[in-house]
Structure formats: C-alpha cells, structure tokens
Amino acid sequence: MLMYADVIIAGFGGQGVVLAGTLLAYAAMEHGLNVTFMPVYGPEMRGGTANCTVVLSDEEIGSPIIRRPQNVVALNRPSLEKFQVQLADGGTVVVNSSLADPALADSARIKVVGVPCNDIAEKVGNARMVNMVAMGAFVKATGALPLERLKQALTHVVPAHYGHLIPKNAEALQAGYDAA
C-alpha cells in the first residue's frame, strides 16, 4: 500500500521548527520510509520566520519541494496566513491556538486542528517544547507515523548535553497527541 505524507512546519525562529522537522525525518527513517527534509530560514533566525518541508514515502521521492502540501503545522499566525493558502483541498493544518486563532483557517476547505501548544508546553514544564507538542498533535491528526516512533527518535535529535530533557520532550509529544 502506498504511503505518502508531506508537511510544512512553520513558525518564528527559536520555536524549534527545524528541530521538529528533523525529529519527524529521523522517526520516518527509523520506520523504514524514504524521507526528504528541507529547512528554510533567513539570517534573522531567532524571532524571524523559519519553516521546513518534510516528505515521507514508502517509494522514492522525486523532489523535496512541494507546491500543494497535504499538511501544515503553523506555530504562529503569520505562518498560518502564509501557508494555509498553499494547502491542498482536504489537507490538514495543525494550528498553535496559543498564538493563532484556528477560526482564521479555511475550515470549509481544510481540516483544522487547534492545539494550545504554548500553554501545553508550559504545563509540561518547559515553554520551549512548543515544537514537540505540535509534532505530537501532527501525528495524531494525520496518522503519518506512530507516536512511539517520534519518542524513539528523540535520542537522535536532542543534543547529548540535553539528554536529560528527553523524558520531558516525550511527555510534550504525548500531551500534544492527547490534545489533538
């Protein structure tokens, strides 16, 4: 059976957009899928805009560039406004409702999943884990990968000197999954 999923993950620099995409890519590779990963960020980095594209498939992937993504994870309002218009009809947008009103999304055309990622990350105990909350919500909303694959891949993407935070990252993934 053909498996294909793509996503644009977007937000402010410093929200962990690239780390979220890296986690998804590693998890998909460990799941036996082909993967492309393409980060896009400007020189402003923290506080500016950042996004990345991840494509997962059980067949070869021709290009990391997607013009009409199936999925978008919007961690802030500017990202929602920019990328929802590109989203394919029937696609899914996961909206960080802590920073963007899900009512701004075109729910007549796309599936909208609002999750208060900032609020949940703070409850988990680390406000910087917004990206992990969003990734948990993404896999629940789309079924792209099992949540356990993301949890297992944390050891590949969390730097060794932050290894003590892996359990909290796993907790944030679970919280996002449960909230979606």
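- Rounding to the nearest 0.5 angstrom, the gap separating the CG atom in Leu56 from the CE atom in Met29 is 10.5 Å.
- A distance of 11.5 Å separates CZ in Arg68 from CG in Asp6, rounded to the nearest 0.5 Å.
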>> Run the side-chain contact (heavy atoms from CB on, under 4.5 Å) test on Asn131 and Val17 for me, step by step, so that the C-alpha distance in whole Å, both residues' side-chain angles and the decisive distance to 0.1 Å come before the verdict.
In response: CA-CA 6 Å; Asn131 56 346; Val17 168; over 6 Å; no

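- In the hydrophobic clustering of ILVMFWY residues, with side-chain heavy atoms under 4.5 Å counting as a link, Ile8 and Val35 come out apart.
- Every residue was checked against the salt bridge (Lys or Arg N to Asp or Glu O under 4.0 Å) condition with Asp178, not counting sequence neighbours, and none meets it.
- Two different hydrophobic clusters hold Leu87 and Val113 under the rule that ILVMFWY side chains link at heavy-atom gaps under 4.5 Å.
- A donor-acceptor pair is defined here as one N or O able to donate and one able to accept, closer than 3.5 Å; no such pair exists between the side chain of Asn51 and the backbone of Ala10.
- Taken to the nearest 0.5 Å, the OG1 atom of Thr49 stands 11.0 Å off from the CD atom of Gln15.
- Residues Tyr4 and Ile61 fall within the same hydrophobic cluster, defined by Ile, Leu, Val, Met, Phe, Trp and Tyr side chains chained together at heavy-atom separations under 4.5 Å.
- Connection of Met38 to Val7 is not established within any shared hydrophobic cluster, with ILVMFWY side chains joined at heavy-atom distances below 4.5 Å, either directly or through further cluster members.
- Lys140 has its side chain out of reach of Leu147: every pair of non-hydrogen atoms, C-beta onward, lies at least 4.5 Å apart.
- When each of Leu150, Val158, Leu19, Asn126 is tested with Met132 by the rule side-chain contact (heavy atoms from CB on, under 4.5 Å), just one qualifies, namely Leu19.
- The main-chain N or O of Ala74 is never found under 3.5 Å from a side-chain atom of Ser79 such that the two would form a donor-acceptor pair.
- Within the model, atoms CE of Met129 and CG of Asn118 stand 13.5 Å from one another, a figure rounded to the nearest 0.5 Å.
- Remark: Arg109 CZ is packed, more than 12 non-hydrogen atoms of other residues, nucleotides or ligands lying under 6.0 Å away.
- Between Ile66 atom CD1 and Asn71 atom CG the span is 8.5 Å, to the nearest 0.5 Å.
- Between Gln84 and Ala105, the shortest heavy-atom contact is OE1-CA, 3.1 Å.
- Residues Val94 and Leu104 fall into different hydrophobic clusters, defined by Ile, Leu, Val, Met, Phe, Trp and Tyr side chains chained together at heavy-atom separations under 4.5 Å.
- Side-chain atoms of Ser97 do not come within 3.5 Å of backbone N or O of Pro102 as any donor-acceptor pair.
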>> Before you tell me yes or no, could you show the steps for Thr22 and Phe37 under side-chain contact (heavy atoms from CB on, under 4.5 Å), namely the whole-Å CA-CA distance, both residues' side-chain angles and the distance that decides it to 0.1 Å?
In response: CA-CA 7 Å; Thr22 303; Phe37 167 74; 3.5 Å; yes

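- Looking only at distances, a side-chain donor or acceptor of Lys168 sits under 3.5 Å from a matching main-chain atom of Val124.
- Annotation: the span from Leu165 atom CG to Arg128 atom CZ amounts to 9.5 Å, rounded to 0.5 Å.
- Of the candidates Val72, Val112, Val95, Leu80 forms a side-chain contact (heavy atoms from CB on, under 4.5 Å) with just one, namely Val95.
- Residues Leu24 and Phe138 form a side-chain contact, since some pair of their non-hydrogen atoms from C-beta on lies under 4.5 Å apart.
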